[in-house]
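These notes concern the structure reproduced below.
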Amino acid sequence: MIESNQTFIIAAYAVTWGAMLAYLVYLLRRGRRARAEYERMAPGDRNTA
Amino acid sequence: MAWRDDWRRVRAIARKDLTTELRAKVGFNSVVALGVTILILLGLALGPDAQALRNAAVGAVWLATLFSGVLAFNRSFQVEIETGALEQLLQYPGPRWTIFAGKLLGNLLFVTLMVAIVVAAGIVLFGVRIPAGWPALLGVLALGIVGLVLLGTFYASMASRSRAREVLLPLLLFPMLVPVLLAATTASKALLGADLMHEAGAWIRLLAVYDVVFFIATFIAFEHVIEA
Amino acid sequence: MFNAQPDRALDVSGLGKRFGARWVLRGVSLDVRRGEAVGLLGPNGSGKSTVLRIVATLLRPNAGAAAVNGFDVVREAGGVRGQVGYLAHSPGLYDDLTARENLWFAADMLGSPHAAAEATLERVGLAHVAGDRVRGFSAGMQRRLALARLILRNPRVLLLDEPYSNLDADGVALMNSVIAGILRSGGAALVALHELAPARAMLKRTCTLVAGRIEAPSPERASRDQPVPIPGTD
Amino acid sequence: MPATPPSPHSYPPRTSVWFAFVSFGAVIAAQTHAILTSPAEGDMGHLQKIMYVHVPAAWMTFLAFFVVLVFSARYLWKRNENDDLLAASAAEVGALFNGLTLMLGMIWGRPAWGVWWVWDARLTSTLVLFLIFVGYLALRAFVDDAEQKARWSAAVGAIGAINVPIVYMSVTWWRTLHQPPSSPATLDPAYTMGLRLNAIALLLVMIHFIRKRYEIARVERAAEHVAEAAAMGGR
């Protein structure tokens, strides 16, 4: 009983971290694409450092 | 004075919708046909054991009502959108909730008639024995229909004007109807049985609260939704 | 926001409108004085209908503003709806209802008596088909019924989108008499047109909309010089 | 007369990266602390440890929906485009945490109840909530005009949120016989500390996700406006 519980606990934490990291990567990629699109549109006029 | 004008406009819209429906008839017949067809398919899928059918009767009737209801709600705005009549409707003076109220009234009569037929078919097909306390069952049915029509009409006013209306309306409507589905089916099953747990009353109260809350919420939200 | 001079029936300044990524109106300004009909010319897709629909409170502008007799189209949309009569490109009628039922519905929504609806049916020459369903009407007959509905509103400002399309000679005369009647009683009209011919008599002046902007309006003096008697006014 | 309407949409400031490290670090810390200090609970073995991710994820879902409600209502009132973009960002992140909560619920249910899915009151409510999120995101996908999309999703978001407590109540009544939902009150105090720490840590992660997603939405919208202004300029 204990061994099988172990796998489920590990699975739960793996799924949690998997989801969080996957979304982080999705955000980074989409952010880069959006910024590049903006850059193409209006080169250099971004008003922040 | 203004209230009487608004009420006259609501009646005019509802009468116009129902006259169009009676003239065309194709709308009502197709929706009822769909409802009964779904009922028969459920009977085939869940049958033939009589007791199983009797247990599933309430659920089957409500699912048939929900699915064919979606057809009716989309249609109620269809005519207006295709002919450009919606733009004319938006031109009349007076508050715009009268459009929603008019559509609501029209859909309420339409769906009530449809449900009456579907329920009758359900009683026959699923061998339901009518208990003595059937008026309470009618009460549950009425409250459920009001909830269904309120949200159905509200979401149809958007879905029917967007690209994928057949998909969007069910996607928006069905999750929101979970409380109605649970309350209506559980209360009906209880009333069909002996309501030992006396839970029917609690469910009916929940349905009433649901209807009041969403009556207010949809009327407020409609102003923002209807403008182009 | 802008000073609504008393004689200005319609005042539009810097109107901008976009659909998704496409800007259809890019800063349109024009005005129509009382008793005046102004033509709005321009090719398809130049934004003529969009201007009319914004003034008719059917569309919300993304930029700029417009007012009808001092009522702002966005903030006082209710007031504007009491002033304008918008004749759309598509008739917007209920095909399964008869001509009379369509008009009685409009009368109920406007709060005017059914007798008024009967009178307008007479005026637009559809009394003989009042009991027939609109589904069987020709485009010209549907246009007349839409005009009857417009007359029922007795609007102060007319917004007409291609009003002469599908109309025969009598129809054009009827349309012009309706416009003339409104102008005489101090109303105004903004008429979107493809070609000028049928409306020449009506228009005080015209302006041309190209790709969402007003080109230099036609010289005031030219169109004023030919005072044309308003035909067929009883 | 302005040739092209000025682009009112400033380019959003860049969300700092260190916040990502802080939030993720907080989750690592909270999780290790909880695992080390949580006593084994009778026959459930260490299953309670799944609680430390499952329950906070559920709380974050409800919190995200509350953010959608607030900014949807604000958009309807103020018609400020950024409120719509924030509501949409919160909805997307909320859907993510909702999906996570459901998966964790199943991973916990399998050993605890022997089946992958149990129509448990809280789990079922969370599933319905997920469908409401899906409906909201579907509406946004099917409407093109930005202003209409904002108005309609604000109305749908607000009305969807109003339904959350009613859904929760109806599902709980429907499942009255089941184990009462595991809120901190029913757990022994040793867990509640671990639970709260993990909830705070996950909250930091959610805040980062929503801020980052919101920033991206604003960049995309700013690019859209610049493109339009350029197209409009026509010089």
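In the text below, chain A, chain B and the rest are named by the order of the sequence lines, each starting its count at 1.
Interface remark: C:A146 contributes no atoms to any contact with chain B (heavy atom separation under 4.5 Å). Only the side chain of C:D95 comes within less than 4.5 Å of a heavy atom in chain B; its backbone stays farther off. Heavy-atom distances place no part of B:L86 under 4.5 Å from chain C, backbone and side chain included. For chain B, the nearby parts of C:L97 are the backbone and the side chain; heavy atoms of each come within less than 4.5 Å. If you measure heavy-atom distances from C:Y86 to chain B, the contacts under 4.5 Å come from both the backbone and the side chain.
Between the CZ atom in C:R135 and the OG1 atom in B:T83 there is a gap of 10.5 Å [rounded to 0.5 Å].
Nearest approach of C:S90 to B:G84, heavy atoms of both residues: OG-CA, 4.2 Å. Heavy atoms only, all atoms of each residue included: B:L89 and C:F105 are closest at CD1-CZ, 3.6 Å. The two residues B:Q88 and C:P91 make their nearest non-hydrogen contact at CG-O, 4.3 Å.
With respect to chain C, the highest number of heavy-atom pairs below 4.5 Å among B:K16, B:E80, B:R11 belongs to B:K16. Ranked by heavy-atom pairs under 4.5 Å with chain B, the list C:A106, C:G78, C:G85, C:G79 is led by C:A106. Heavy-atom pairs under 4.5 Å with chain B were tallied for C:M109, C:R149, C:R153; the largest tally goes to C:M109.
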Open item on the list: The test is side-chain contact (heavy atoms from CB on, under 4.5 Å); show your working for B:Y92 and C:R81 and say whether it passes.
Closed with: CA-CA 7 Å; B:Y92 291 116; C:R81 286 201 292 271; over 6 Å; no
- [ ] Show the numbers, then the answer: is there a salt bridge (charged side-chain N to carboxylate O under 4.0 Å, His left out) between B:E87 and C:R53?
- [x] CA-CA 9 Å; B:E87 280 189 348; C:R53 289 174 66 195; 2.6 Å; yes
Task: Evaluation steps, side-chain contact (heavy atoms from CB on, under 4.5 Å), between C:D96 and B:E21 - done: CA-CA 9 Å; C:D96 289 316; B:E21 206 47 57; over 6 Å; no
TODO: Start with the C-alpha distance between B:R15 and C:D108, add both sets of side-chain angles, then the distance that settles salt bridge (charged side-chain N to carboxylate O under 4.0 Å, His left out), and finish with yes or no.
DONE: CA-CA 11 Å; B:R15 192 182 322 117; C:D108 289 345; 3.6 Å; yes
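At distances below 3.5 Å, at least one donor-acceptor pair connects side-chain atoms of B:Q91 with backbone N or O atoms of C:A56.
Around the CZ atom of B:R163, the shell of radius 6.0 Å holds more than 12 heavy atoms that belong to other residues, nucleotides or ligands.
A 4.5 Å side-chain heavy-atom check between B:R23 and C:R133 finds at least one atom pair inside the cut-off.
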